[in-house]
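To start, the structure under review is shown below, and the notes come after it.
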Amino acid sequence: MLEDLLRKGLLTVLEKYGVFEEDVQIELEKPRDRSHGDLSTNLALMLGKRLGRKPRELAGEIAADVSFPRDVIESVEIAGPGFINFRIARQHQIDLLLDVWNPEGALQDIRTAGHKRINVEFISANPTGPLNVVSARAGAFGMTMVRLLEAVGYDAHAEYYVNDAGRQVTLLGQSLRAHYLQLLGEEVVFPEEGYKGQYLEIMAAELLHQDEAAIRAASAAFNDESFQRVAAPPGCANDWRRLPDDESARCFSKYALMKILGWQRETCRRFGLRFDTWYFESELHETKRLDRALERLRKQDAVYEEDGAVWFKSSTHDDEKDRVLVRADGRPTYFLADIAYHYHKFQRGFEHAIDYWGPDHHGYIQRMQGAMAALDIEPGWLEVQILQHVNFLEGGQPIKMSKRAGSFVTMDALIDEVGADVTKYIFLTRKPNSHLDFDLDLAKDQTEKNPVLKVKYAHARICSLLNEAASRGVIVGEPSPAMLAHLEHEAEWALVGELIRLPRIIVSAAWAREPHRLTGYADDIAALYNEFYTKCRRILDQPEERRQSQLQLSLVTRRVIKVLLDLIGIDAPEKMEKRD
RNA sequence: GCGCCCGUAGCUCAGUUGGAUAGAGCAGCGGAUUUCUAAUCCGCAGGCCGCAGGUUCGAGUCCUGCCGGGCGUGCCA
């Protein structure tokens with residue numbers, strides 16, 4: 001690695017000052033300003049005080065003393081208050097560029113995680129209605145994180161937790177049943193806090209008019225293994241309604257669950273999300289994992305009984321207060337189920353787990369971490385990422401969203417109107433924990449002005465250029481040092497300087513859990529390519545060597561853009577419709 | 001009240017973990033096309049980085065206190 005070479009060279013010089021490897025962390029970064037060279041260190045600024053020297057003088061001495069092979073580091077300069085700037089020799093930049101191009105090169109070298117198994121759980125929306133736009137942000141982040149983790153060598157596993165047990169699901173069944181009976185003209189008391197969304201009315205109408213056909217259709221969506229447990233209840237709706245209330249509601253609930261999970265899964269598919277596991281809460285109950293988790297906590301002396309309920313001593317783990325695991329009436333809380341779920345996740349052999357949660361769950365983190373600690377799971381095993389709230393604006397006004405009241409923008413509508421690619425890209429240009437205003441009108445009406453198109457266009461443009469070359473009989477060779485040595489223009493070298501950062505960008509985005517670095521970088525690459533393309537126009541009319549070098553540079557650029565768009569999960573088009 | 005997140009251009013947001021003259025897109029203004037798609041490029045304008053202190057060679061970034069916005073603070077999920 002280039003950085004290692006620089007560090008080693010600098011350390012050799014620093015020994016004369018009595019500074020050794022363990023004394024100092026040498027930072028190297030790419031300066032914002034191109035005129036400041038390719039890499040820069042603030043070493044002299046950091047050491048100035050410790051050595052009682054003026055930073056600028058110290059930098060001058062170090063710069064004069066340090067030595068590198070000329071074909072790697074072309075120049076060493078001091079600037080500003082005491083920065084030492086390095087300029088990478090063009091020969092070496094070409095080597096780095098080829099390292100990015102070579103499939104066995106840099107993109108293999110960054111796969112350092114050793115196939116460790118890592119679980120990424122995201123969306124995990126309640127199965128009580130269609131996915132809404134909030135899940136779109138989680139989907140974009142979760143899926144890209146999975147791919148990023150794979151890119152750095154993890155064996156990453158995408159998981160969706162389905163809360164198909166508990167009160168919400170019961171309420172769902174009762175709500176559907178009430179809608180159904182209402183359609184029959186019966187007097188019904190709609191459950192308090194029930195679900196009033198229009199989708200339940202439609203679902204009820206389907207049951208009324210198609211009944212068994214509707215049930216068969218919904219069941220057919222679940223013929224694969226992971227959804228085996230989502231099965232249609234016996235009989236038809238007309239039978240269900242005559243059963244005793246509880247049992248009747250359970251039948252309607254099962255049907256609704258089946259139907260809604262079908263929607264959710266289809267929405268995810270449309271959005272390009274692939275889950276390795278859909279984990280059902282009901283399985284936890286059936287396999288007695290709640291009892292087992294509770295038993296384990298008991299053995300650790302982490303629970304006690306009071307007022308008829310079973311409490312977890314989360315206050316000993318920095319939580320504000322203790323939390324109930326089993327209610328006085330004997331029903332377990334969601335918290336206990338969640339503990340059992342994560343305990344099982346741990347037992348399934350994942351070395352690390354990342355959960356994407358909404359901002360309304362942040363108060364939940366402490367008790368969850370407390371439970372993990374009480375179960376002797378190493379600290380840091382569970383990593384919770386909070387995705388901040390998204391404000392959707394329509395006509396300049398925020399849209400209030402309430403699932404129970406049934407008013408929200410569905411993820412499907414977003415995909416229909418804005419498109420999956422644009423939506424993902426927009427979400428991934430923002431940091432996970434920043435609040436975000438998403439103007440639907442703007443996204444819908446002005447999609448051609450969205451930055452994602454600039455990146456797609458750059459890719460299409462390169463394809464188009466290469467096609468044109470082929471049709472003129474120009475053969476584009478594999479990128480090679482001999483040809484790339486003919487790069488001349490400043491814009492070409494600026495592009496090279498950016499392209500060779502790809503491995504570092506991927507690594508930093510993966511480790512910092514900040515996929516938005518990918519979109520920012522993709523935008524930079526596209527801008528630099530377009531700049532090069534405009535300033536060095538009519539590439540194919542250039543002399544053969546110049547032409548070859550530029551075409552080869554284009555090839556590498558196309559691959560870099562493709563790698564980025566694949567990570568983000570959006571299409572890299574070979575051509576785009578000409579606008580007007 | 002307490003806890004968490006956020007305050008950066010008119011708008012939406014970046015800012016390489018403390019670096020050099022704070023950036024991009026959109027909106028505004030002015031230029032560039034006999035093309036290999038102008039869905040592009042070039043230029044101009046736009047800023048007390050919420051406010052006030054502190055830490056140090058150096059702060060949009062770190063610490064404290066305010067101000068403003070969002071969320072949480074259930075034997076709900």
Side-chain angles (χ1 to χ4, degrees), chain A residues 27 29-33 35-36 40-42 44-46 48-49 54-56 79-83 85 126 128 163 166-169 171 193 281 306-311 320-321 323-329 331-335 337-338 358-366 386 388-389 391 393 426 429-431 433-439 442 446-454 456-458 460-462 464-469 471-472 491 501 504-505 508 512 514 516-517 519-521 523-524 526-527 529-535 537-541 575-580:
Chain A
E27 288 167 25
E29 59 186 21
K30 183 183 165 80
R32 289 197 181 100
D33 190 333
S35 69
H36 291 142
S40 176
T41 182
N42 59 357
L45 290 161
M46 292 200 307
K49 182 158 195 191
K54 286 184 181 163
R56 175 128 186 150
F83 290 98
N85 297 332
N126 278 336
T128 51
N163 296 116
R167 184 165 166 271
Q168 299 304 318
V169 176
L171 215 48
E193 297 185 276
E281 185 190 352
E306 194 175 288
D307 299 332
V310 181
W311 298 74
E320 296 164 9
K321 49 179 278 198
R323 309 288 175 174
V324 171
L325 295 170
V326 184
R327 300 177 179 92
D329 63 9
R331 287 151 53 230
T333 58
Y334 174 89
F335 180 40
D338 227 3
D360 50 332
H361 283 71
H362 94 259
Y364 204 74
I365 297 175
Q366 209 49 254
I386 294 292
Q388 282 299 331
H389 190 251
N391 235 342
L393 306 175
I426 289 178
T429 52
R430 274 58 166 155
K431 272 191 299 198
N433 64 353
S434 70
H435 303 244
L436 158 65
D437 283 350
F438 194 114
D439 189 327
L442 201 76
Q446 309 192 6
T447 48
E448 76 280 358
K449 286 171 181 168
N450 197 285
V452 65
L453 294 172
K454 177 160 131 189
K456 287 191 173 207
Y457 177 64
R461 184 175 233 182
I462 294 171
S464 163
L465 168 65
L466 293 168
N467 283 338
E468 177 67 18
S471 74
R472 292 194 197 182
R501 297 180 65 214
R504 289 200 147 270
I505 296 291
S508 79
E514 290 190 352
H516 75 282
R517 296 185 190 190
T519 50
Y521 177 66
D523 191 70
D524 288 344
Y529 186 81
N530 285 327
E531 184 185 335
F532 148 70
Y533 186 89
T534 306
K535 288 180 177 169
R537 55 177 31 225
R538 293 210 187 79
I539 289 167
L540 297 176
D541 296 338
K575 70 167 88 169
M576 290 173 75
E577 294 304 316
K578 199 169 181 174
R579 190 185 60 165
D580 292 337

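Letters A, B, ... are given to chains in the order of the sequence lines, protein chains preceding strands, and every chain is numbered from 1.
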Using a 4.0 Å heavy-atom cut-off, does [X] contact any base of the nucleic acid, only the sugar-phosphate backbone, or nothing at all?
X: A:A79; result: base
X: A:D439; result: nothing
X: A:Y364; result: base
X: A:N42; result: base
X: A:K54; result: nothing
X: A:L436; result: sugar-phosphate
X: A:Y533; result: base
X: A:H516; result: sugar-phosphate
X: A:S40; result: base
X: A:A337; result: nothing
X: A:P55; result: nothing

From [options], pick the nucleotide closest to the side chain of [X]?
X: A:E514; options: B:U17, B:G15, B:C75; result: B:G15
X: A:R430; options: B:U17, B:C76, B:C13; result: B:C13
X: A:V324; options: B:G19, B:C75, B:U17; result: B:C75
X: A:L45; options: B:U16, B:G19, B:U40; result: B:G19

Any N/O donor-acceptor pair, [X] side-chain to [N] base, under 3.5 Å:
X: A:R32; N: B:U16; result: yes
X: A:D524; N: B:A14; result: no
X: A:T333; N: B:A77; result: no

[N] and [M]: how far apart are their [atom1] atoms, nearest whole angstrom?
N: B:C42; M: B:U17; atom1: P; value: 27 Å
N: B:C26; M: B:U16; atom1: P; value: 23 Å
N: B:G18; M: B:U56; atom1: C1'; value: 10 Å
N: B:G60; M: B:G53; atom1: P; value: 14 Å
N: B:U21; M: B:C63; atom1: C1'; value: 28 Å
N: B:G15; M: B:C57; atom1: P; value: 27 Å

Listed partners of A:K575 passing side chain to side chain donor-acceptor pair (under 3.5 Å), at least two apart
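Side chain to side chain donor-acceptor pair (under 3.5 Å) list for A:K575, sorted by chain: empty.
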Verify, without hydrogens or angle tests, whether [X] (side chain) and [Y] (backbone) share a donor-acceptor contact under 3.5 angstrom.
X: A:N530; Y: A:A526; value: yes
X: A:T429; Y: A:T519; value: no
X: A:T333; Y: A:L325; value: yes
X: A:T41; Y: A:E27; value: yes
X: A:R56; Y: A:G80; value: yes
X: A:D307; Y: A:A309; value: no

Anti/syn call for B:U17, syn if |chi| within 90°
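Judged by the O4'-C1' to base torsion, B:U17 sits in syn, the angle falling within 90° of 0.
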Atom-to-atom span, [atom1] of [X] to [atom2] of [N] - whole angstrom:
X: A:D437; N: B:U12; atom1: CG; atom2: P; value: 6 Å
X: A:R331; N: B:C75; atom1: CZ; atom2: C1'; value: 9 Å
X: A:E193; N: B:G74; atom1: CD; atom2: C1'; value: 12 Å
X: A:E27; N: B:G19; atom1: CD; atom2: P; value: 8 Å
X: A:D360; N: B:C6; atom1: CG; atom2: C1'; value: 16 Å
X: A:N391; N: B:U12; atom1: CG; atom2: P; value: 10 Å
X: A:R537; N: B:U33; atom1: CZ; atom2: C1'; value: 6 Å

I'd like to know if A:R327 and A:D329 make a salt bridge, using a cut-off of under 4.0 Å between side-chain N and carboxylate O.
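Not counted as a salt bridge, because no side-chain N and carboxylate O are separated by less than 4.0 Å.
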Where does RNA chain B form stems of at least three consecutive Watson-Crick or G-U wobble pairs, each pair having both distances below 3.5 Å?
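Stem segments, range with range: B:1-5 with B:69-73, B:10-13 with B:23-26, B:28-32 with B:40-44, B:50-54 with B:62-66.
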From A:Y521 OH over to A:R504 CZ, what is the distance, rounded to the nearest 0.5 angstrom?
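Between atom OH of A:Y521 and atom CZ of A:R504 there are 12.0 Å.
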Nearest 0.5 angstrom please: A:L540 CG to A:L466 CG, how far?
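That separation rounds to 9.0 Å.
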Using the aromatic ring of A:F83 (for Trp, its six-membered ring), decide whether it stacks on the base of B:A20 within the limits of 5.5 Å and 30°.
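Here the ring of A:F83 and the base of B:A20 are stacked, with centres under 5.5 Å and planes under 30°.
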Could you list all N or O pairs between the protein and nucleotides 1-5 of chain B that sit under 3.5 Å apart?
unit_1, atom_1, unit_2, atom_2, d
B:G3, N2, A:H362, NE2, 3.1
B:C5, O2', A:Q388, NE2, 3.4
B:C5, O2', A:N433, O, 2.9
B:C5, O2, A:H435, NE2, 3.1

Beyond-backbone contact of A:L393 with A:F438, side-chain heavy atoms, under 4.5 angstrom:
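A:L393 vs A:F438: side chains apart.
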Does the side chain of [X] get closer than 4.0 angstrom to OP1 or OP2 of [N] through an N or O atom?
X: A:K431; N: B:G15; result: yes
X: A:R327; N: B:C76; result: yes
X: A:K49; N: B:C57; result: yes

Classify the ring geometry between A:Y529 and A:Y533 as parallel (under 30°), tilted (30 to 60°) or perpendicular (over 60°).
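Judged by the thresholds at 30° and 60°, the geometry between A:Y529 and A:Y533 is tilted.
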